[in-house]
Amino acid sequence: MESTKNLILYKNFENGKLFYNMTWIMENYRNEYYNREDIGALFYECFNQLSELAVSHGFRGNLWHNFLAFILVNNENAYSKACEIRGEVEGSINKIALHDFKIIKELFDFDFHDFAELYEVDCIDVILQYESMEHSGRMFNKRIRDRICDLTERLEHARTVAEFQAEVTEFYREFGVGKLGLHKAFRIQHKQEGAEIVPITNIAHVKLDDLVGYEIAKQKLIDNTEAFVNGKEANNCLLFGDAGTGKSTSIKAIANQYYEKGLRLIEVYKHQFCDLNDVIAQIKNRNYKFIIYMDDLSFEEFEVEYKYLKAVIEGGLEKKPDNVLIYATSNRRHLIRETFSDKEEVREDMHTSDTVQEKLSLYARFGVTIYFGAPSKKEFQQIVCALAKKNDITMAEEELLAEANKWELSHGGLSGRTAQQFINYLLGKQ
């Protein structure tokens, strides 16, 4: 077995300590130079870590195969990043990758029964035929877990190193690599060394069809997003209007709808705008399309964070990358609060129009603006009926609408959010 020290591209693995401890055992368990008790103790330590991963990630079947598939889909290197979303690439990088896959396939094909017999391990079948617990997998959602387990099965059927490489490369083409490939949405954490992009493991699985009405608004959002993911010219987008009308839901639905086409969502809060340049530097050379999402965006007069945003969107020396757009939601069309004093003719600042233009300039940087207005009484009732049908509520329509009308009078008025809260109330009574 060739040493893992000879790997060229595939290094710095997630859970690297487990990988290198386990592979060291495989390379040296027959070497009489090392103490057998120490090797056995190290194996059981690895066994413990594999078991913990099985529970936290929802793995099943051969845990060692699951683990190798897991680190392959998470390892961001020159080859995997070149293949993400695009698939197989040409050049010498393929030969270098093939060299690494030869070593990894030897690890994949390792016969644990020989080791178990020599070291009297009586529970080796637990590693090779692990049965997952119900509701395990808190680190991943079911979609990601199933894709890794599916890749594991395909790698188990690969007869040659070339087939093994082809299966991993196809995964990179279809889903991507690393946290950006596996996950749909992300948040930002500010650390001393810079901004870190952190996956959101549980995003609401909503679709645009779940939002009743607003067909023109939704189509406008779809048209702009489809142009973006298809590599055509697209604009930054501002969704504004009344509270509870589905602006944020529409953005989440877009992330779900276009994930398969390489779209990813990064949520950024107002106080994190100073990290925007760092975030963009990390994603600008990746093969995904990124929407930087800002929810409930607005600024008071004393807040100056909008100046960071203006420079990032348009106006700095460095051009915004083609794979990045800004999508924001707001209850206000003009994002920076204006006062009557801004338009007074007599004031200390004689350049009144300059003050107004300064405050309007951020809004003007969004090429697409979409209005979400509060529904009429009739539209509100249509939303209630549609949500009731979707959730299998069998109440008579006349009674349903009468109760909905009473609910909205005491719970925030006419909006899609109020309708959903009413339906949740009914479901809670069942």
Considering all heavy atoms of both residues, which atom of [X] and which atom of [Y] are nearest to each other, and what is their separation?
X: V161; Y: L98; value: CG1-CD1, 3.6 Å
X: G244; Y: S415; value: O-CB, 3.6 Å
X: A255; Y: I203; value: CB-CD1, 4.4 Å
X: E76; Y: V177; value: OE2-O, 3.9 Å

Within a radius of less than 6.0 Å around [atom1] of [X], do more than 12 heavy atoms belonging to other residues, nucleotides or ligands occur?
X: E193; atom1: CD; answer: yes
X: Y44; atom1: OH; answer: yes
X: Y34; atom1: OH; answer: yes
X: K102; atom1: NZ; answer: no
X: E233; atom1: CD; answer: no

Derivation of the ring-ring contact (aromatic ring centres under 6.0 Å, His included) call for Y10 and F101: CA-CA 9 Å; Y10 284 86; F101 282 118; 5.2 Å; yes
R60/D146 under salt bridge (Lys or Arg N to Asp or Glu O under 4.0 Å): CA gap, chis, key distance, verdict: CA-CA 10 Å; R60 61 178 182 267; D146 289 348; 3.6 Å; yes
Charged tip of R143 within 45° of Y259 ring normal and under 6.0 Å: yes
Step-by-step side-chain hydrogen bond (donor to acceptor under 3.5 Å, both in side chains) determination, E2 to N6: CA-CA 7 Å; E2 189 171 353; N6 296 336; 3.3 Å; yes
Between [X] and [Y], does any side-chain N to carboxylate O distance fall below 4.0 Å?
X: D296; Y: K270; result: no
X: D322; Y: K289; result: no
X: E260; Y: K184; result: no
X: K191; Y: E196; result: yes
X: E153; Y: R147; result: no
X: K252; Y: D210; result: no
X: E84; Y: K81; result: no

Any pair counted as side-chain hydrogen bond (donor to acceptor under 3.5 Å, both in side chains), so long as it reaches residues 12-24, sequence neighbours left out: none
What side-chain donor-acceptor pairs closer than 3.5 Å can you find for residues 211-221, not counting sequence neighbours?
from, atom 1, to, atom 2, distance (Å)
Y214, OH, G373, O, 2.6
E215, OE2, K218, NZ, 3.3
K218, NZ, L208, O, 3.1
K218, NZ, L211, O, 2.7
K218, NZ, G213, O, 3.4
Q219, NE2, D223, OD1, 2.8
K220, NZ, T369, O, 2.9

Worked check of side-chain hydrogen bond (donor to acceptor under 3.5 Å, both in side chains) between S248 and D295: CA-CA 7 Å; S248 300; D295 190 33; 2.6 Å; yes
Check the angle between the aromatic planes of [X] and [Y] and answer parallel, tilted or perpendicular using the 30° and 60° thresholds.
X: F112; Y: F43; value: tilted
X: F70; Y: F67; value: tilted
X: H271; Y: Y269; value: parallel
X: Y119; Y: F115; value: parallel

Working for side-chain hydrogen bond (donor to acceptor under 3.5 Å, both in side chains), residues Y79 and Q165: CA-CA 11 Å; Y79 179 77; Q165 178 179 3; 3.1 Å; yes
Heavy-atom side-chain contact between L276 and M294 under 4.5 Å: yes
Any chance the rings of [X] and [Y] have centres within less than 6.0 Å?
X: H411; Y: F422; value: no
X: Y371; Y: F240; value: yes
X: Y327; Y: Y293; value: no
X: W64; Y: F110; value: no

Whether N224 side chain and V368 backbone form a donor-acceptor pair below 3.5 Å: no
Side-chain donor/acceptor of E167 to backbone N/O of E156, under 3.5 Å: no
Derivation and outcome, side chain to side chain contact (heavy atoms under 4.5 Å, CB included), residues V268 and D275: CA-CA 9 Å; V268 179; D275 290 324; over 6 Å; no
